[in-house]
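Please read the structure below before turning to the comments.
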Amino acid sequence: MRQKPVLLVIAHGSRDPRHAATVHALVRRVRSLRPGLRVETGFLDFNIPSVHGVLESLATEGVRDVVALPLLLTRAFHAKADIPAVLRDAPSRLRIRQAEVLGPSPLLLSALERRLYEAGLAPADKSSTGVVLASAGSTDPEAIAVIAAIAREWRHTGWCAVRPAFASAAFPAGFPRTEDAVRELRDLGCERVAVAPYVLAPGFLPDRIARGAAEADVLADVLGPAPEVARVLLERYDAARAPMLAAVGA
């Protein structure tokens, strides 16, 4: 019987130890949801094992098929350039298919709401609460458009208002900093203001989001190992795996 492709989760990596700890917690949840699936983790920078090192080890073991899944919420530079470049340098015996990034997904909106409720909001608060959708930020037009679209979609689920914001130093036109978006929602008349970090793990930019949320009423935690996030990983794996199986008649 042909082995299932290995799922290789590719994370960016960080000097902040909380980042790797959160990535590993998410991977453990994925394994718990799909016990028969082999899931490995590789980092692009700062942490070990490296993506290249994991791929070399898999090839040495005799693994043939790998689904490489970028642990990213938008399809920006890392998904379009960095990760494909690393995968091109993989051992030639490996058949690798790069999965889509995690976002957008209705499950991620559910995870965002989970974090807001865990931080103290209740479903009954939605109509009187303005939410800042605070992302790390990007200069990629596709990624910027996706964040804006997510904010519009989320607004239609019953919140008083939803405003996107960026934590990075380069702010695209129309995207405020977290603190500016908080004040905008306050001026709009929302009874309370909540900040929902649209980021996967703690680190430098999530800390900047937290500082920008100083005047908000509620600050949610990062998405981290939320069960909805783990389910998105498996959805992306299954979608990437399907054509690999069809190609070999499995």
Side-chain angles (χ1 to χ4, degrees), residues 18-19 21-22 25-26 29 33 71-74 101-138 143-168 171-172 174-235:
R18 297 173 298 168
H19 174 89
T22 302
L26 175 58
R29 188 176 287 276
L33 293 177
L71 198 59
L72 301 168
L73 293 172
T74 58
V101 297
L102 303 185
S105 167
L107 284 169
L108 294 179
L109 287 181
S110 297
L112 286 167
E113 295 205 359
R114 169 191 289 276
R115 293 304 188 222
L116 286 170
Y117 297 149
E118 290 171 349
L121 289 181
D125 297 327
K126 289 185 74 168
S127 62
S128 57
T129 301
V131 179
V132 178
L133 179 69
S135 69
S138 175
I144 294 168
V146 166
I147 297 298
I150 291 170
R152 289 194 299 270
E153 179 183 350
W154 204 15
R155 164 67 181 85
H156 294 311
T157 66
W159 297 100
C160 173
V162 179
R163 294 290 186 272
F166 273 5
S168 62
F171 299 100
F175 275 73
R177 299 174 301 170
T178 303
E179 51 266 44
D180 296 330
V182 168
R183 296 185 188 110
E184 179 185 346
L185 290 172
R186 194 78 74 190
D187 293 342
L188 193 63
C190 296
E191 184 176 319
R192 66 185 64 78
V193 177
V195 174
Y198 190 59
V199 293
L200 287 165
F204 176 76
L205 290 178
D207 284 349
R208 181 180 285 177
I209 290 172
R211 291 193 297 272
E215 297 180 16
D217 301 293
V218 174
L219 170 63
D221 199 358
V222 298
L223 293 172
E228 296 88 351
V229 179
R231 287 168 57 196
V232 176
L233 263 72
L234 289 172
E235 284 187 354

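Residue numbers start at 1 and run along the sequence shown.
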(message) Between Arg29 and Pro225 (side chain of the first, backbone of the second, donor and acceptor by atom type, cut-off under 3.5 Å), is there such a pair?
(response) yes
(request) For side chain to side chain contact (heavy atoms under 4.5 Å, CB included), just list the numbers for Ile150 and Leu109, CA-CA rounded to whole Å, side-chain angles, deciding distance to a tenth of an Å, and then say yes or no. (result) CA-CA 8 Å; Ile150 291 170; Leu109 287 181; 3.7 Å; yes
(message) Give me the atom names and distance for the closest heavy-atom approach of Leu108 to Leu102.
(response) CD1-O, 3.7 Å
(request) Could you walk me through whether Arg177 and Arg208 pass the side chain to side chain contact (heavy atoms under 4.5 Å, CB included) test, one step at a time? (result) CA-CA 10 Å; Arg177 299 174 301 170; Arg208 181 180 285 177; over 6 Å; no
(message) Nearest 0.5 Å, please: how far is CD1 in Ile144 from OG1 in Thr74?
(response) 9.5 Å
(request) For the pair Trp159 and Leu185, evaluate side chain to side chain contact (heavy atoms under 4.5 Å, CB included) and give the outcome as yes or no after the intermediate values. (result) CA-CA 12 Å; Trp159 297 100; Leu185 290 172; over 6 Å; no
(request) Please answer whether the main-chain N or O of Leu223 pairs with a side-chain N or O of Arg115 as donor and acceptor at a distance below 3.5 Å. (result) yes
(request) Decide yes or no for Arg183 and Asp180: does some side-chain heavy atom of the first lie under 4.5 Å from some side-chain heavy atom of the second? (result) yes
(message) Just verifying a value: how many Å separate Trp154 CH2 and Lys126 NZ, rounded to the nearest 0.5 Å?
(response) 8.5 Å
(message) Distance check, rounded to the nearest 0.5 Å: Cys160 atom SG versus Asp125 atom CG?
(response) 12.0 Å
(message) Using every non-hydrogen atom in the two residues, find where Leu200 and Thr22 come nearest and quote the distance to one decimal.
(response) O-CG2, 3.6 Å
(message) With side chain to side chain contact (heavy atoms under 4.5 Å, CB included) as the criterion, how do Leu133 and Leu112 come out once you've worked through the C-alpha distance, each side chain's angles and the decisive distance to 0.1 Å?
(response) CA-CA 9 Å; Leu133 179 69; Leu112 286 167; 3.7 Å; yes
(message) Minimum heavy-atom separation for Val199 and Ser135, please, with both atom names.
(response) CG1-C, 4.5 Å
(request) Look up atom OG1 in Thr157 and atom CD in Glu113, then write down how far apart they are to the nearest 0.5 Å. (result) 5.0 Å
(message) If I compare all heavy atoms of Pro176 with all of Pro164, which pair ends up nearest, and what's the gap?
(response) CD-O, 3.3 Å
(message) Measuring only between side-chain heavy atoms, which start at C-beta, is Arg18 closer than 4.5 Å to Val222?
(response) no
Only pairs under 3.5 Å count here: list side-chain donor-acceptor contacts from residues 189-198, not counting sequence neighbours, and write none if there are none.
residue : atom : partner : partner atom : Å
Arg192  : NH1  : Ser128  : OG           : 2.7
Arg192  : NH1  : Thr129  : OG1          : 3.1

(message) My understanding is that only residues two or more places apart in sequence, or in another chain, count here; which of them pass side-chain contact (heavy atoms from CB on, under 4.5 Å) with Leu33?
(response) Ala230, Arg231, Leu234
(request) Indicate the atoms forming the closest heavy-atom contact of Val232 with Leu107, along with that distance. (result) CG2-CB, 3.5 Å
(message) To the closest 0.5 Å, what do you measure between NE2 (His156) and CZ (Arg152)?
(response) 8.0 Å
(request) Over all heavy atoms of both residues, which pair between Ala111 and Val229 is shortest? Give the atoms and the distance, please. (result) CB-CG2, 4.2 Å
(message) Rounded at 0.5 Å granularity, tell me how far CZ in Phe166 sits from CD1 in Ile209.
(response) 10.0 Å
(message) I'd like to know if Arg186 pairs up with Asp217 as an ion pair, taking the criterion as any Lys NZ or Arg NE/NH1/NH2 lying under 4.0 Å from an Asp or Glu carboxylate oxygen.
(response) yes
